[in-house]
Student: 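This is the structure I have questions about; it appears just below.
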Amino acid sequence: MKEQKIIAPSILAADFSNLSQQIRYAELGNADWIHCDVMDGKFVPNITFGPIIVKAARKATQLPLDVHLMIKNPDSFLEDFIDAGANMVTVHQEEVVHLHRTISRIKELGAKAGVALNPSTPVNTLKDILEYVDLVLVMAVNPGFGGQKFIGSSINKIKELSKMRNEYGYDFYIEIDGGIGKKNIKEISDAGCNVFVAGSSIFSNDNITAATLELKNLVSA
Ligand code: DX5
Ligand code: ZN
């Protein structure tokens, strides 16, 4: 069972004119992974970046890059993101029709494979894929933007996933994404979550290192 607690700062909220320095500040605060939010203006109503920025992040850090694809037809881009340096690639359940094929392909290409759920998608839609995935990402906001309010019912999804993981002896990470900060991270951790994505609570803080460290300490205690 996964005991580890992982802080994954999302560069969505970072200052891109100084990306490598911003990542360095998070590293100094004991960040574990760097979360990269890829948006195409179609699956979600916002556009962010593609493989070029993932490649830039790869040059800036040795930490694992956790790439969250909020795009239509992610199958066409898996290779590009993995070549750019993604260590984990997460696709959305709502977009991918042949999820088993996509998950297998990500692994074949040498990355860890994750599946993400929008707030309105139930956990039980993943029942038959759970044994194959390395990570399940629970969206606690509607994907598309940073700085939104945490949707409370997401905690039930974490509990449900944690229960299924124990029951069947699976080994996937449970990741939460959206609205995470010092006020709610401990409760979510106690519900069985392992990976905590935090965008604005880290990068909108004047002291990125201290903000990262504070979250890390809250879940490590
Ligand atoms: C939202 C993204 C999140 C976002 C979280 O669609 O998937 O990763 O960066 O940002 P905060 O932590 O500000 O809610
Ligand atoms: Zn994300």
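Indexing begins at 1, ligand by ligand and atom by atom, following the structure's order.
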Student: Would you mind listing which atoms of ligand 1 come within a distance below 4.0 Å of any non-hydrogen atom of G146?
Tutor: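 Answer, ordered by atom number: 10 (O), 13 (O).
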Student: Do any nitrogen or oxygen atoms of D37 lie less than 3.5 angstrom from nitrogen or oxygen atoms of ligand 1?
Tutor: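 In this structure, D37 places an N or O atom under 3.5 Å from an N or O of ligand 1.
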Student: Just by modelled atom types, is the I202 backbone N or O under 3.5 Å from a matching donor or acceptor in the N205 side chain?
Tutor: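 Side chain of N205 to backbone of I202: no pair is present.
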Student: Looking at ligand 1, does any of its N/O atoms fall within less than 3.5 Å of an N/O of G179?
Tutor: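 Such a contact does occur with ligand 1.
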Student: Near H35, which atoms of ligand 1 are under 4.0 Å from a heavy atom of that residue?
Tutor: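 Here the atoms of ligand 1 in question are 8 (O).
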Student: Considering only heavy atoms of H68, which atoms of ligand 1 have at least one such atom less than 4.0 Å away?
Tutor: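 Within the 4.0 Å cut-off of H68, ligand 1 contributes 7 (O).
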Student: In terms of residue, atom name and distance, what is the protein heavy atom nearest to atom 12 (O) of ligand 1?
Tutor: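 The protein heavy atom lying closest is G199 N, 2.8 Å.
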Student: Hey, is S10 touching ligand 1 through its side chain, its backbone, both or neither, going by heavy atoms under 4.0 Å?
Tutor: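 The answer is the side chain of S10.
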Student: For the pair F43 and H92, name the ring-plane relationship: parallel under 30°, tilted 30 to 60°, perpendicular over 60°.
Tutor: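 Tilted: the ring planes of F43 and H92 meet at 30° to 60°.
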Student: Which heavy atom of the protein is the closest neighbour of atom 3 (C) of ligand 1, given with residue, atom name and distance?
Tutor: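 In this structure, atom 3 (C) of ligand 1 has D177 OD1, 2.9 Å as its nearest protein heavy atom.
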Student: With distance as the sole test, does D66 use its side chain to make a donor-acceptor pair with the main-chain N or O of M88 at under 3.5 Å?
Tutor: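 Looks like no, no N/O pair under 3.5 Å.
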Student: Taking distance alone, with N or O pairs closer than 3.5 Å, would you say G144 contacts ligand 1?
Tutor: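 N/O-N/O distance below 3.5 Å exists for this pair.
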Student: Does one side chain, of R24 or N18, offer a donor that lies under 3.5 Å from an acceptor on the other?
Tutor: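 There is no such pair between these side chains.
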Student: Does the K5 side chain pair with the main chain of S189, one donor and one acceptor, at a distance under 3.5 Å?
Tutor: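 Confirmed, K5 side chain pairs with S189 backbone.
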Student: Rounded to the nearest 0.5 Å, what separation is found between the CD1 atom of I34 and the OG1 atom of T61?
Tutor: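 Reported value, rounded in 0.5 Å steps: 5.5 Å.
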Student: Considering the heavy atoms of G178, write down every atom of ligand 1 situated less than 4.0 Å from one of them.
Tutor: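 The list of qualifying atoms is 14 (O).
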Student: With atoms numbered from 1 as shown, which atoms in ligand 1 lie under 4.0 angstrom from a non-hydrogen atom of M39?
Tutor: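 Numbered from 1, ligand 1 contributes 6 (O).
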Student: Which is the closest N/O/S atom of D37 when seen from the Zn ion (ligand 2)?
Tutor: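 The nearest such atom is OD1.
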Student: Please confirm whether the backbone N or O of G179 pairs with a side-chain atom of Q148, one donor and one acceptor, at under 3.5 Å?
Tutor: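 Checking the backbone N and O of G179 against the side chain of Q148, no donor-acceptor pair under 3.5 Å is found.
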Student: Number the atoms of ligand 1 from 1 as they appear, then name those within less than 4.0 Å of a heavy atom of P143, with their elements.
Tutor: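 Within the 4.0 Å cut-off of P143, ligand 1 contributes 6 (O).
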Student: For the pair E108 and R105, evaluate salt bridge (charged side-chain N to carboxylate O under 4.0 Å, His left out) and give the outcome as yes or no after the intermediate values.
Tutor: CA-CA 5 Å; E108 264 169 36; R105 182 76 186 130; 3.0 Å; yes
Student: Suppose you place the vertex at the Zn ion (ligand 2); what is the angle out to D177 OD2 and H35 NE2, to 10°?
Tutor: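 About 100°, to the nearest ten degrees.
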Student: Quick one about H35 and D37 (side-chain donor to acceptor, distance below 3.5 Å, no hydrogens or angles considered), yes or no?
Tutor: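 Yes, H35 and D37 have a side-chain donor paired with an acceptor closer than 3.5 Å.
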Student: Give the atom name of whichever N/O/S atom in H68 sits closest to the Zn ion (ligand 2).
Tutor: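 So the atom name we want here is ND1.
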Student: Which option wins on minimum heavy-atom distance to atom 11 (P) of ligand 1: A13, S201, G147, A140?
Tutor: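 Nearest heavy atom to atom 11 (P) of ligand 1 lies in G147.
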Student: Could you identify the single nearest non-hydrogen protein atom to atom 1 (C) of ligand 1 and state the distance to 0.1 Å?
Tutor: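 Scanning the protein heavy atoms, the shortest distance from atom 1 (C) of ligand 1 goes to F145 O, 3.5 Å.
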Student: Considering only the protein, which heavy-atom contact is closest to atom 13 (O) of ligand 1, and what is its distance?
Tutor: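 Atom 13 (O) of ligand 1 sits closest to the protein heavy atom S200 OG, 2.5 Å.
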Student: Surrounding NZ of K107 (heavy atoms of other residues, nucleotides or ligands, distance under 6.0 Å), is the total greater than 12?
Tutor: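 Yes, NZ of K107 has more than 12 neighbouring heavy atoms, counting only those of other groups under 6.0 Å.
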Student: Considering the heavy atoms of A198, write down every atom of ligand 1 situated less than 4.0 Å from one of them.
Tutor: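 Numbered from 1, ligand 1 contributes 12 (O).
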Student: Closest approach of Y170 and E131, non-hydrogen atoms and distance?
Tutor: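 Nearest pair, atom of Y170 first, then E131: CE2-CB, 3.3 Å.
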Student: Between R101 and D75, does the salt bridge (charged side-chain N to carboxylate O under 4.0 Å, His left out) criterion hold? Intermediate values first, please.
Tutor: CA-CA 9 Å; R101 178 182 291 151; D75 294 283; over 6 Å; no
Student: Numbering the atoms of ligand 1 from 1, which are under 4.0 Å from a heavy atom of M70?
Tutor: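 Selected atoms, number and element: 6 (O), 7 (O).
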